[in-house]
Each structure stands twice: as C-alpha cells, then as structure tokens.
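Below: one structure, written as structure tokens.
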Amino acid sequence: MTNRINKNGYVLYEDDNIAVIATGFKNASTNVKTGAMVQVYIILRHESPMDGVKSGNDVAICGDCVHRAKYTDGVMVPGSRRCYLNLGKGSRSVHACYARGGYRKLTPAEIAQIFFDLLVRFGAYGDPAMMPVWLVELIASVARGRTGYTHQWETAAWLQPYVMASCDSAADAARAVAAGWRYFRVAGYGDTVKSANEISCPASAEAGKKTTCDRCRLCDGTTVADRRKSIVIQDHSIIARSNPLIQISL
C-alpha cells in the first residue's frame, strides 16, 4: 500500500536529524498575519515538535533561541517555553504528514522551478540558520520576495542578506546593528517605546494590522547600504497576558 502524496508540500532537504519542508503550493497559507506565503518548516525527523521540546532535541532546529524551554537535569521546566508558536497547529500536522511519507522530495532543479516568483516565509517553524546555505540562497534567488528571522545572527552572518536578526532587547538590537544587521525586536507586552531607527510591525495588532507580511516584506534582510528602519513588535507569545493592548502609531 502506497502513501498518499500531499501535493501542497514538499521535502526540500534531509539529513540524519532534520528535514526542511515547504507548504502552501496548492492551498495558500491561512496565516492571517503572513498572508499567502509559502511556509518553510525546519523539523526534527524522528520526533514530533512537542516531543522535541520535551526532550530538548529541538536545539537542532532552533539553536540557542532564548524562547526555547529551559531544562533542569534534562527535564523541561514547565511553563519555561516562551516561543509564540503553537505546536498543536501547523508544525504538528507537517511533521505528521512527513512521518507517514506524505511529502515528495524535490531535487535542487525542481526547487528552483517550483519557488520561481513565489513569496516565501523562512522559518514558519525552526531557525533558517539550520538550513543549508545553498538551499536558502537558491530559494532567495528565484523567489519574488521573502521574510525570515534568526536568533543565530551572531554566528550566521551569511544569512544577513536574507532574513532579519531576531532581537529581544535594546542591547541585542545595538549589537545587531553594529554587526551590520537590520533587526526585528520583540518588546515587552504593552511597551510602546521605539528608537529613531525603528517602526512598529505594520502587520501587528498594535499597529492596527495595516497590512500583511506578503504585502509588506520589510523583513527581508539587509542590503548593502540599507537605510530602511528595523522593526519592533510587542510580545505575541502564547503566554497569557493580563494588560490591555496599547496601540502604537506608525
């Protein structure tokens, strides 16, 4: 009995630990913030996203992201994970489809063809720094536009033309700028303070959801002599909040 092949997504890369999968080719993403962008997931091959978080093996796809769960004696500290991503949704279903052999693996030539003139979101789950350099460069070279973020910006300078440095404080942002990056900074919930070189994410709730990522595309990395401002957004993790949202004007 053969597995039913999912025509909405494909495997782009595999090694012993991770797989890179893209979805949204047949059915557009329903993510209301990003809009209709192809979503690129970096997943563990042999563990579901939730199991990977529990075991700590998600380090292979998330690196040293500060929003990963914390562990004591190898045991996850309950409530310590601050990532905005809901593991019960997209990443879970992508892994389940992959685990049952539901995605066909593309060759590099097929990748170049299928991504031509599309809009791409690097890292719908996982950090794009965990992707092979050749794969990011290939997709970016043929796609019409992209967005993406990396917490590995201090060690993955090669990503600078393609994604934003993901920062969690003003000190992080200052270091990123000194290293030549534009950045995407997460501010505390209700924090309306912005520096002169920052604007609120136009697709955020606090900015009134003026647009979507597929239309905006400001988060596409840093060009030579780039004068565009960096982006700031209030914490939108799944952790419960008690304070009312404070609107930010652009």
Side-chain angles (χ1 to χ4, degrees), residues 31-35 37 39-40 42 53 58-59 61-70 77 79-87 89-91 121-130 146-156 159-160 162-213 216-222 228-250:
N31 187 311
V32 295
K33 182 176 183 295
T34 66
M37 305 183 81
Q39 309 283 317
V40 177
I42 305 101
V53 167
D58 64 335
V59 68
I61 57 173
C62 297
D64 63 0
C65 177
V66 298
H67 300 290
R68 288 182 62 236
K70 305 298 184 291
V77 177
S80 61
R81 180 177 180 269
R82 294 191 56 84
C83 180
Y84 70 89
L85 190 75
N86 186 338
L87 295 177
K89 293 188 177 181
S91 57
R121 179 191 180 196
F122 286 121
Y125 180 51
D127 194 301
M130 304 308 174
R146 63 187 176 275
T147 62
Y149 314 89
T150 180
H151 269 96
Q152 319 307 308
W153 53 268
E154 292 183 285
T155 57
L159 270 172
Q160 198 172 101
Y162 309 111
V163 304
M164 308 289 278
S166 192
C167 296
D168 299 284
S169 67
D172 270 0
R175 288 197 302 273
V177 170
W181 291 81
R182 290 174 62 240
Y183 60 83
F184 186 91
R185 179 174 69 85
V186 178
Y189 188 70
D191 182 356
T192 63
V193 177
K194 298 187 295 294
S195 69
N197 73 320
E198 293 178 337
I199 62 169
S200 293
C201 168
S204 67
E206 61 266 26
K209 299 182 180 179
K210 292 181 174 64
T211 187
T212 51
C213 298
C216 175
R217 282 178 267 160
L218 280 174
C219 292
D220 62 354
T222 310
R228 293 176 298 169
K229 293 189 176 185
S230 290
I231 312 299
V232 62
I233 194 171
Q234 292 180 24
D235 184 1
H236 56 295
S237 66
I238 61 175
I239 295 174
R241 308 179 183 100
S242 59
N243 295 325
L245 187 67
I246 299 174
Q247 296 294 317
I248 295 178
S249 298
L250 288 176

Practice item. Considering only NZ, NE, NH1 and NH2 on the basic side and carboxylate oxygens on the acidic side, decide whether Arg228 and Asp220 come within less than 4.0 Å. Key: yes
Review point. Taking NZ, NE, NH1 and NH2 as the nitrogens, is one of them in Asp172 or Arg175 under 4.0 Å from a carboxylate oxygen of the other?
Key: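 Counted as a salt bridge, because a side-chain N and a carboxylate O are separated by less than 4.0 Å.
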Locate the shortest heavy-atom distance separating [X] from [Y]; write the atom from each residue and the value.
| X | Y | result |
| --- | --- | --- |
| Asp64 | Gln152 | OD1-OE1, 2.9 Å |
| Asp127 | Ile42 | O-CD1, 3.7 Å |
| Ala124 | Leu85 | O-CD1, 3.6 Å |

Point to revise | Ser230 vs Phe184, side-chain contact (heavy atoms from CB on, under 4.5 Å): CA-CA, chis, key distance, verdict | key: CA-CA 6 Å; Ser230 290; Phe184 186 91; over 6 Å; no
Review point. Thr150 pairs by side-chain contact (heavy atoms from CB on, under 4.5 Å) with which of Phe122, Tyr162, Trp181?
Key: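 Single pass found, and it is Trp181.
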**Study point:** Residue pair Ile231, Met164: steps toward the side-chain contact (heavy atoms from CB on, under 4.5 Å) verdict
**Key:** CA-CA 9 Å; Ile231 312 299; Met164 308 289 278; 4.1 Å; yes
**Study point:** Donor-acceptor side-chain pairing of Gln39 and Tyr125 below 3.5 angstrom
**Key:**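 No.
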**Study point:** Beyond-backbone contact of Lys194 with Ser200, side-chain heavy atoms, under 4.5 angstrom
**Key:** yes
Practice item. In sequence, state the C-alpha distance, the side-chain angles, and the governing distance for Met37 and Thr147, and then conclude on side-chain contact (heavy atoms from CB on, under 4.5 Å). Key: CA-CA 9 Å; Met37 305 183 81; Thr147 62; 3.8 Å; yes
Practice item. Take atom NZ of Lys209 as the centre, draw a 6.0 Å sphere, and report whether it contains more than 12 heavy atoms from other residues, nucleotides or ligands. Key: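 At most 12 heavy atoms, drawn from other residues, nucleotides or ligands, come within 6.0 Å of this atom.
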